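No experiment lies behind these values; they were computed from the predicted model shown.
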Amino acid sequence: MGQSSRRETSSLALVLFTTLVVAGTGSFNMETDTIAEGIVISPGDPNLRYIGHWDKSEERAITVNSGCRVLCRFTGSSVKGVFGTKGITSPAQIYAILDGALPASYKIDSEVIDFTPRLLSGDQHSLEIDVKDVDEKPNRWKPPLEAAVIFKGLILDVGAKTLSLPAPPKLKMEFYGDSITQGILLLSKTPGPDGSDATQDYAFLTARAFDALHNQVGFGRQGVLREGFGEVPPAPQSFGWNYQGSRADRSFVPDVVVVNHGTNDLIYSSEKFLPAYHDYIKLMRQAYPRAFIFCLRPFGGYHEAEIKSVVESLADTKI
């Protein structure tokens, strides 16, 4: 076969691979199959570590929460990410951090994203994918989702492989809130993912400061009584779920839970908010009997007196 024919075969293989990944046909073994350009790593690879709320399967991992992460180590000199885009009306944005270098920003508007336009030197490398922002406005709760990160794996060099990661931090933290916890408009007043960044948010930075694994669950406009944007229900109804029909992984048991709700409930009276907030915190206590639960006074001071009253009435030394 001539060199030109080999290039055409190589390109055809990549097109075929991308088609199979995007279509989600069960006929392609993501964990073992190779293509001319590299070997495909399944999202179910045991050496991948997911941080945050992810709906995981062998074929894809989905999150609707900004601030989620994927970590891995690998051999070779290149790495590409494979993502789902079908039905997504507002592409999410992510950061890719290679070998601890500065983050590179990407919009997930194509199925394959090359994280190494310049080949890496050395034998072993690390990759961290951070979800910068999932747009708060489109539907990101009721499938089929219009805003989400759909991670379908990695492409490494032929002969490359993933490597085990160091043991994860022991401390686990979980943050619940609204657009403030999501990082909306944190970079600028530009609406959507361009102006937002969960990795510069108080929740993300607090977890990093304590070297903790963390779940960061923030939904714009959401309150204890108020529905969020994107078809998201009020906080008590979304608690314990990745999105509608997908339960959160309860094997993640936080040592610390931080609640930053109340800002978007300013439209409700004290008489309505107080019992609803009381029941919400009791729901968290039932889910996490041993965790410290921090009920934040919202940064704008909304419903401060009611939140303080609930904490005092529960008489729980770890709330």
With heavy-atom distances below 4.5 Å as the criterion, would you say the side chains of L314 and H278 are in contact?
yes
Is there a path of hydrophobic side-chain contacts, each under 4.5 Å between heavy atoms of I/L/V/M/F/W/Y residues, joining V79 to V149?
yes
Evaluate H214 against F204 for side chain to side chain contact (heavy atoms under 4.5 Å, CB included), listing each step before the verdict.
CA-CA 8 Å; H214 84 291; F204 196 97; 3.7 Å; yes
Check this for me: F292, atom CZ, are more than 12 non-hydrogen atoms of other residues, nucleotides or ligands nearer than 6.0 Å?
no
Is D99 reaching over with its side chain to a backbone N or O of A101, donor-acceptor style, under 3.5 angstrom?
no
Y202 vs T181, side chain to side chain contact (heavy atoms under 4.5 Å, CB included): CA-CA, chis, key distance, verdict:
CA-CA 7 Å; Y202 81 93; T181 302; 2.8 Å; yes
For N264 and I267, work out which heavy atoms get closest and say how close.
O-CG1, 4.1 Å
Would you say V256 and F210 make side-chain contact, with heavy atoms under 4.5 Å?
no
Here the gap from L266 atom CG to R226 atom CZ, rounded to the nearest 0.5 Å, amounts to 7.5 Å
Roughly how far, to the nearest 0.5 Å, is OG of S246 from CH2 of W141?
8.5 Å
Is K80 atom NZ crowded by more than 12 heavy atoms from other residues, nucleotides or ligands, each under 6.0 Å away?
yes
Show the numbers, then the answer: is there a side chain to side chain contact (heavy atoms under 4.5 Å, CB included) between T63 and Y50?
CA-CA 10 Å; T63 185; Y50 294 87; over 6 Å; no
Can you confirm whether more than 12 heavy atoms, excluding those of R247, are under 6.0 Å from its CZ atom?
no
Does a side-chain N-to-carboxylate-O contact under 4.0 Å join D255 and R290?
no
Closest approach of R73 and P166, non-hydrogen atoms and distance?
CD-CD, 4.1 Å
Taking the side chain as every heavy atom from C-beta outward, state whether L171 and P169 have any atom pair closer than 4.5 Å.
no
Given 3.5 Å as the limit, does a donor-acceptor pair link the side chain of H125 with the main chain of G76, or not?
yes
Short side-chain donor-acceptor distance under 3.5 Å, S238 and Q222:
yes
Quick check on F299: does its CZ atom have over 12 non-hydrogen neighbours (other residues, nucleotides or ligands) under 6.0 Å away?
yes
With rounding to the nearest 0.5 Å, note down the distance linking OG in S179 to CD1 in I184.
6.5 Å
With a 3.5 Å distance limit and no angle check, can you tell me whether R285 reaches the backbone of Y288 through a side-chain donor-acceptor pair?
yes
Taking C-beta and beyond as the side chain, do P43 and V70 meet within less than 4.5 Å on heavy atoms?
no
Group every Ile, Leu, Val, Met, Phe, Trp and Tyr by side-chain heavy-atom contacts under 4.5 Å, then state whether W54 and Y243 land in the same group.
no
Identified side-chain contact (heavy atoms from CB on, under 4.5 Å) partner of S66 from the options Q216, Q93, Q182:
Q182
Taking all non-hydrogen atoms of both residues into account, name the closest pair between S126 and G100 and its distance.
OG-N, 4.0 Å
Heavy atoms, side chains only, cut-off 4.5 Å: are V131 and N65 in contact?
no
Least distance between heavy atoms, L187 atom then D194 atom:
CD1-O, 3.9 Å
Between N242 and V64, the two heavy atoms sitting closest are O-CG2, 3.4 Å
My understanding is that only one of I155, D157, L156 makes a side-chain contact (heavy atoms from CB on, under 4.5 Å) with S78; could you say which?
D157
Nearest 0.5 Å please: distance from the CZ atom of F239 over to the OH atom of Y280.
7.0 Å
Minimum heavy-atom separation for S105 to K132, with atom names?
OG-CD, 4.3 Å
Say whether D45 and T162, considering side chains only, have a donor N or O and an acceptor N or O under 3.5 Å apart.
yes
Answer yes or no: is there a side-chain heavy-atom contact under 4.5 Å between L163 and T75?
yes
In terms of heavy-atom contacts, does OH of Y302 have more than 12 from other residues, nucleotides or ligands at under 6.0 Å?
no
Measure the spacing between CD1 of I94 and CD of E128 and express it to the nearest 0.5 Å.
11.5 Å
Going by atom types alone, do T116 and D114 pair a side-chain donor with an acceptor below 3.5 Å?
yes
In this structure, would L186 and Y95 fall into the same cluster of hydrophobic residues linked by side-chain contacts under 4.5 Å?
no
Would you say L119 has more than 12 foreign heavy atoms packed within less than 6.0 Å of its CG?
yes
Any side-chain heavy-atom pair from F252 and E174 closer than 4.5 angstrom?
yes
Considering residues, nucleotides and ligands other than K107, do more than 12 of their heavy atoms fall under 6.0 Å from its NZ?
no
Please tell me whether E146 and N139 have a donor and an acceptor in their side chains that are separated by less than 3.5 angstrom.
no
Would V232 and L283 show up in the same hydrophobic cluster when neighbours are defined by side-chain heavy atoms closer than 4.5 Å?
yes
Please step through side chain to side chain contact (heavy atoms under 4.5 Å, CB included) for the pair F74 and L154, ending with a clear verdict.
CA-CA 10 Å; F74 62 96; L154 301 171; over 6 Å; no
Could you tell me the separation between the CG atom of D201 and the OG atom of S196, rounded to the nearest 0.5 Å?
10.0 Å
Please tell me whether L296 and V224 are part of a single hydrophobic cluster in this structure, the criterion being side-chain heavy atoms less than 4.5 Å apart.
no
For the residue pair K137 and S90, establish whether any side-chain heavy-atom pair is separated by less than 4.5 Å.
no
